[in-house]
Amino acid sequence: MSFTGFGWGKNLHQNLGLLISDLEEKEKEKEKETDLFEEEEEKKKKPSEHSIKIQKPTLIPILESNNIIHISSGSEKTCFVSSSNIMYEYGKGISKFTKHTVLSRSPRITKIAAGRNHFLILTSNGVVYALGSNFNGEIGYGEDNMYTIDSPSQVPFFQQNDIKCKDIACGHEQGYFLTVEGLLYSCGANLYGELGVGNNTIQISPTLVRKDVAKIYSGPRSHHFFFLDNKNKLFACGLGKSGQLGLGSKRSYNKPKELKKFRKKEFSTICCGQKHSLMLLDSKVYSCGEIHFNGAMEKKLRTKFTIIPSLAEETILQIAVGSQHSLVLTDGYEIFVFGSNNDGQLGLQPDSQMVTIENQVVPTKIKNEDFRNIISAPFSSIKLICGSETSFIFNLDFDALVKDFYSMLTSNKLMDLKLKNKFKINKLLLKLRLKLKEIDNNFLEKFDKLKDDQIKLLIDWVYTGKNKEQALNENIVNLFELENIQSLKQDLLSLYQMDDQKKDFTLQLDNKELKIHSLILVARSEKFAEKFDLDNSINHYEIKKQLCSFETLKIFVKFLYTDYFDKNNQINEKTKQELCILKEKWKLSKYSDLEGKIIHSLN
């Protein structure tokens, strides 16, 4: 499994995950090579410019060594989350980093959101945890604790009322929570009405905003937010003096106000900065807000979302927004940046570290062949992230299948076989991986000869392919007479190619049937994982015919098994839209970049 990532921008508090001590040590080595007669006093200085302002995209060690799948960066701190739910916190007040393991045995972390100095964390079972500052009630702990939470803890309001959430967001000193029933709550600072509760009073506990909400959007330095309701209407609220609400004026609102122009538009996302906002709609990027940050090079600020002229001909895959800067990724795997560069957050690589390239009013292309390789690698899934004055690009996964099946292992679903009377495993997957025709008592007795740690390693390998040498040591290979051992990806392809009679689940669409393994559905789709939680005996599911064609369904099912699209699929725009709809409806794993892999299949 390969993980790689780069960061750049403000590193004053080690927000990038780059330890200043390490950077200083590297610089000293360079200085020794260039100036052997340097005065001793000169070495006793504060952290130099090169260690607190990283202007060139720089490899982040933690992204290479810890299987990081989430990054969230605020004004003062950054959290990195590994595939095993371990959180690494860097930033102000932390000498090196803080490792939080409290959630390592919890359901998978699906999202983490950052504000100025606080974080909200959402897990796959709908539980919300919080971490960091609560001085303005931004994490909703109420009057009993208006200080700082040093370790991830459940938000009391939702815990006490047994309320589950499906989305979270953070503003500068605000927290936003969207429940599975579509109720939107907010808490925190409210000077500009950014909580949307109809007043400008601080709210120290989650307070109801609206009852029919589908999605929420905010940002780590923003004093405004957007949400989409169940009728696909877009609303904005909060500070608007720079036009960042896109409502056609510079007014601020403490009650949500609809952007009627975008009623029932299928936009991908909205990102909020301090004084500007970006929207990704039909693969084009629209902006509103402050002149210097909206990317349009106009003489006055934009009070309505309007396409950015210099990017109008580009097909946009992703956008990310910091306090006063933005990143845009195109389908040609080029990154454009614009806005403030005071802390090197645009990554434009000046010739000298002592020089800072000025702010960029219009989108400017980053030239860096080092990370271009990870962006365009086949089957990779890359992610752009902006903190307040930081930027990250990282390879989310090369092996989405591996991490999906790891999640299945940790969730304990479809475990229908016991080994040594204490370890559970999926019978079909065990047979597939160990090339078994049958699992009989004679076979099961062999596990009694193994130590517990050997069985754990073997099970881990069955689901992930990790630690192959340790898991398949000579003793185990001889005991089970293993031959022709393949990778997890190769075995899942074999599973896809099995006769339909050996597949235990039926998908129905327009009077046609398509067979699939329930194992695949549970591992790859959060929707079906939830369904099997309620009833693990279900064996069929009917798909509404308006969602997709039967041909699209076949392409989608193969993707679930293989995590890629064949070049000969001939995916057109309609097929792409239907695949994306299925992804959303089936809650496809966060690990799989379906859209990016469609593009790879077209190239």
Side-chain angles (χ1 to χ4, degrees), residues 110-111 113 115 118 120-122 126-128 130 136-142 155-220 222-240 244-249 251-272 277 279 281 288 304-305 584 587:
T110 57
K111 185 175 182 180
H118 68 289
L120 295 178
I121 304 139
L122 180 65
V127 175
V128 180
N136 288 289
E138 51 263 62
I139 56 177
Y141 268 68
V155 177
F157 174 81
F158 298 104
Q159 182 182 20
Q160 292 163 9
N161 293 285
D162 195 25
I163 297 173
K164 304 300 183 186
C165 292
K166 63 180 179 181
D167 201 6
I168 51 172
C170 288
H172 183 56
E173 293 178 331
Q174 296 78 31
Y176 302 97
F177 312 83
L178 179 59
T179 73
V180 293
E181 289 83 12
L183 304 181
L184 174 60
Y185 291 86
S186 64
C187 59
N190 197 26
L191 182 62
Y192 306 105
E194 51 265 65
L195 298 184
V197 295
N199 59 49
N200 293 59
T201 305
I202 186 174
Q203 303 293 321
I204 60 175
S205 293
T207 303
L208 184 63
V209 179
R210 186 104 174 193
K211 294 184 177 181
D212 60 344
V213 177
K215 289 285 286 183
I216 47 177
Y217 310 94
S218 193
S222 67
H223 295 276
H224 65 292
F225 77 103
F226 296 87
F227 69 82
L228 192 67
D229 75 4
N230 290 329
K231 295 181 180 178
N232 219 33
K233 295 178 182 178
L234 181 64
F235 293 82
C237 196
L239 181 63
Q244 61 264 55
L245 298 181
L247 289 166
S249 73
R251 285 185 57 189
S252 299
Y253 294 88
N254 61 22
K255 284 186 177 181
K257 187 171 177 62
E258 184 187 356
L259 286 80
K260 294 182 180 179
K261 175 182 176 181
F262 296 98
R263 184 173 289 184
K264 297 187 177 181
K265 295 281 188 180
E266 295 289 342
F267 59 85
S268 300
T269 192
I270 296 177
C271 297
C272 301
S277 304
M279 174 190 290
L281 171 65
C288 62
K304 293 183 178 181
F305 278 105
E584 292 299 317
K587 298 181 183 177

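None of these values were measured; they are calculated from a predicted model.
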Which residues share a ring-ring contact (aromatic ring centres under 6.0 Å, His included) with Phe226, sequence neighbours left out: His224, Phe305
Any donor-acceptor pair under 3.5 Å linking the side chain of Asn232 with the backbone of Lys265? yes
Report yes if some heavy atom in the side chain of [X] is under 4.5 Å from a heavy atom in the side chain of [Y]; otherwise report no.
{"X": "Leu184", "Y": "Ile216", "value": "yes"}
{"X": "Leu259", "Y": "Leu247", "value": "yes"}
{"X": "Leu183", "Y": "Leu208", "value": "yes"}
{"X": "Cys165", "Y": "Leu122", "value": "yes"}
{"X": "Leu239", "Y": "Glu194", "value": "no"}
{"X": "Asn200", "Y": "Leu191", "value": "no"}
{"X": "Ile270", "Y": "Leu234", "value": "yes"}
{"X": "Phe235", "Y": "Asp229", "value": "yes"}

Might you confirm whether atom NZ of Lys164 has over 12 heavy atoms from other residues, nucleotides or ligands at distances under 6.0 Å? yes
With a cut-off of 6.0 Å (strictly less than), are more than 12 heavy atoms of other residues, nucleotides or ligands near NZ of Lys211? no
Please list, chain by chain and in numerical order, all residues satisfying salt bridge (charged side-chain N to carboxylate O under 4.0 Å, His left out) with Lys304, sequence neighbours excluded. none
I'd like to check the salt bridge (charged side-chain N to carboxylate O under 4.0 Å, His left out) partners of Lys166; sequence neighbours left out, ordered by chain and number. none
Compare every heavy atom of [Y] with every heavy atom of [X], then report the nearest pair and how far apart it is.
{"X": "Cys272", "Y": "Ser222", "value": "CB-CB, 3.7 Å"}
{"X": "Ala236", "Y": "Leu245", "value": "CB-O, 3.7 Å"}
{"X": "Tyr253", "Y": "Ser249", "value": "OH-OG, 3.9 Å"}
{"X": "Gln244", "Y": "Ser277", "value": "O-OG, 2.7 Å"}

Is the ring centre of Tyr185 less than 6.0 Å from the ring centre of Phe158? yes
Ring centres of Phe227 and Tyr217 under 6.0 Å apart? no
Hey, is Asp167 close enough to Lys111 for a salt bridge, meaning N to O under 4.0 Å? yes
As a quick check of understanding, evaluate side-chain contact (heavy atoms from CB on, under 4.5 Å) for Ile139 and Val155, giving each step before the final call. CA-CA 7 Å; Ile139 56 177; Val155 177; 5.7 Å; no
